[in-house]
Amino acid sequence: MSQLTLITRAGTFELPVELNETVVAMAKKHKVTWGHACQRGVCAQCRTLVLEGASFLNEMTSEEKLRLRKAERAEGFRLGCQIRLVGQGDVKLAHRPY
């Protein structure tokens, strides 16, 4: 069974994969602290490093392209409010706010 692993300052949390839900929404649902403020891709408090499973995520959104520098995107950074799981597979993400 596919698994979503969220790594935060408070620890590592393993959640079931829920397709088409944002990472921020899944974290809130399972009471995992995943910093966020706007949920629109503006504040970047939900800055996330994709460690594993990028192929199971949606394409980068225009909000992410506007907010994250090209170098950050190349390193694997995304915004948790914009990331949606679109396929079954293991995904590992780390919360890395500025």
Side-chain angles (χ1 to χ4, degrees):
M1 184 169 163
S2 299
Q3 182 171 293
L4 171 63
T5 303
L6 299 180
I7 302 169
T8 72
R9 290 181 181 152
T12 300
F13 304 87
E14 296 179 352
L15 310 177
V17 169
E18 297 178 38
L19 297 181
N20 298 310
E21 285 288 336
T22 67
V23 170
V24 168
M26 285 186 280
K28 284 173 72 172
K29 180 178 179 179
H30 293 280
K31 297 181 179 13
V32 175
T33 302
W34 202 269
H36 67 284
C38 71
Q39 295 189 52
R40 296 184 328 264
V42 177
C43 74
Q45 289 184 27
C46 61
R47 184 171 171 256
T48 301
L49 180 60
V50 178
L51 300 171
E52 182 181 315
S55 63
F56 302 114
L57 305 176
N58 62 320
E59 295 292 321
M60 188 160 298
T61 66
S62 58
E63 291 83 2
E64 290 174 293
K65 291 176 183 176
L66 286 171
R67 182 61 181 91
L68 297 171
R69 293 185 309 270
K70 191 174 185 179
E72 289 176 296
R73 296 191 315 260
E75 291 173 24
F77 284 98
R78 302 274 311 263
L79 296 177
C81 68
Q82 301 294 307
I83 299 171
R84 293 182 185 276
L85 281 76
V86 295
Q88 289 289 338
D90 292 336
V91 176
K92 185 182 286 188
L93 306 171
H95 185 227
R96 294 289 187 261
Y98 292 103

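The residues of the chain are indexed from 1 along the displayed sequence.
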Beyond-backbone contact of [X] with [Y], side-chain heavy atoms, under 4.5 angstrom:
X: Thr33; Y: Thr8; answer: no
X: Gln39; Y: Lys28; answer: yes
X: Leu85; Y: Met26; answer: yes
X: Arg78; Y: Asn58; answer: yes

What distance separates [X] [atom1] from [Y] [atom2], expressed to the nearest 0.5 Å?
X: Thr48; Y: Glu64; atom1: OG1; atom2: CD; answer: 8.5 Å
X: Leu51; Y: Leu93; atom1: CG; atom2: CG; answer: 7.0 Å
X: Lys92; Y: Leu4; atom1: NZ; atom2: CG; answer: 11.0 Å
X: Lys65; Y: Leu79; atom1: NZ; atom2: CG; answer: 12.5 Å
X: Gln82; Y: Thr61; atom1: CD; atom2: OG1; answer: 3.5 Å

Do you reckon [X] sits in the same ILVMFWY cluster as [Y], going by side-chain contacts under 4.5 Å, direct or chained?
X: Val32; Y: Leu49; value: no
X: Val91; Y: Ile7; value: no
X: Phe13; Y: Leu57; value: yes

For residues 16-24, please give each side-chain donor-acceptor pair under 3.5 Å, one per line with the distance, not counting sequence neighbours.
unit_1	atom_1	unit_2	atom_2	d
Glu18	OE1	Lys29	NZ	3.1
Glu18	OE2	His30	NE2	3.0
Thr22	OG1	Ala25	N	3.0

*Could you point out which residue of Arg9, His36, Gln45 forms a side-chain contact (heavy atoms from CB on, under 4.5 Å) with Pro97?*
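Of Arg9, His36, Gln45, side-chain contact (heavy atoms from CB on, under 4.5 Å) with Pro97 is met by Arg9 alone.
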*Could you list all the salt bridge (Lys or Arg N to Asp or Glu O under 4.0 Å) pairs where at least one residue sits in residues 33-49, not counting sequence neighbours?*
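Salt bridge (Lys or Arg N to Asp or Glu O under 4.0 Å) check on residues 33-49 returns Arg47-Glu72.
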*Quick one: salt bridge (Lys or Arg N to Asp or Glu O under 4.0 Å) pairs with a partner in residues 50-62, sequence neighbours left out?*
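Checked against salt bridge (Lys or Arg N to Asp or Glu O under 4.0 Å) - neighbours excluded - no pair reaches residues 50-62.
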*Which pairs with one or both residues in residues 63-85 pass ring-ring contact (aromatic ring centres under 6.0 Å, His included), sequence neighbours excluded?*
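Found none.
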*Where at least one partner belongs to residues 79-98, residue pairs that pass ring-ring contact (aromatic ring centres under 6.0 Å, His included), sequence neighbours excluded*: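 Passing the test, one end in residues 79-98: Trp34-His95.
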_Least distance between heavy atoms, Ser2 atom then Gly89 atom_ =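 Smallest heavy-atom distance, with atoms named: OG-N, 2.8 Å.
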*Grab the two heavy atoms, one from Cys81 and one from Cys46, that are nearest each other, plus how far apart they are.*
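Looking at all heavy atoms of both residues, the shortest contact is N-SG, 3.3 Å.
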*Can you sort out the partners of Asp90 under side chain to side chain donor-acceptor pair (under 3.5 Å), two or more places apart, ordered by chain and number?*
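Side chain to side chain donor-acceptor pair (under 3.5 Å) list for Asp90, sorted by chain: empty.
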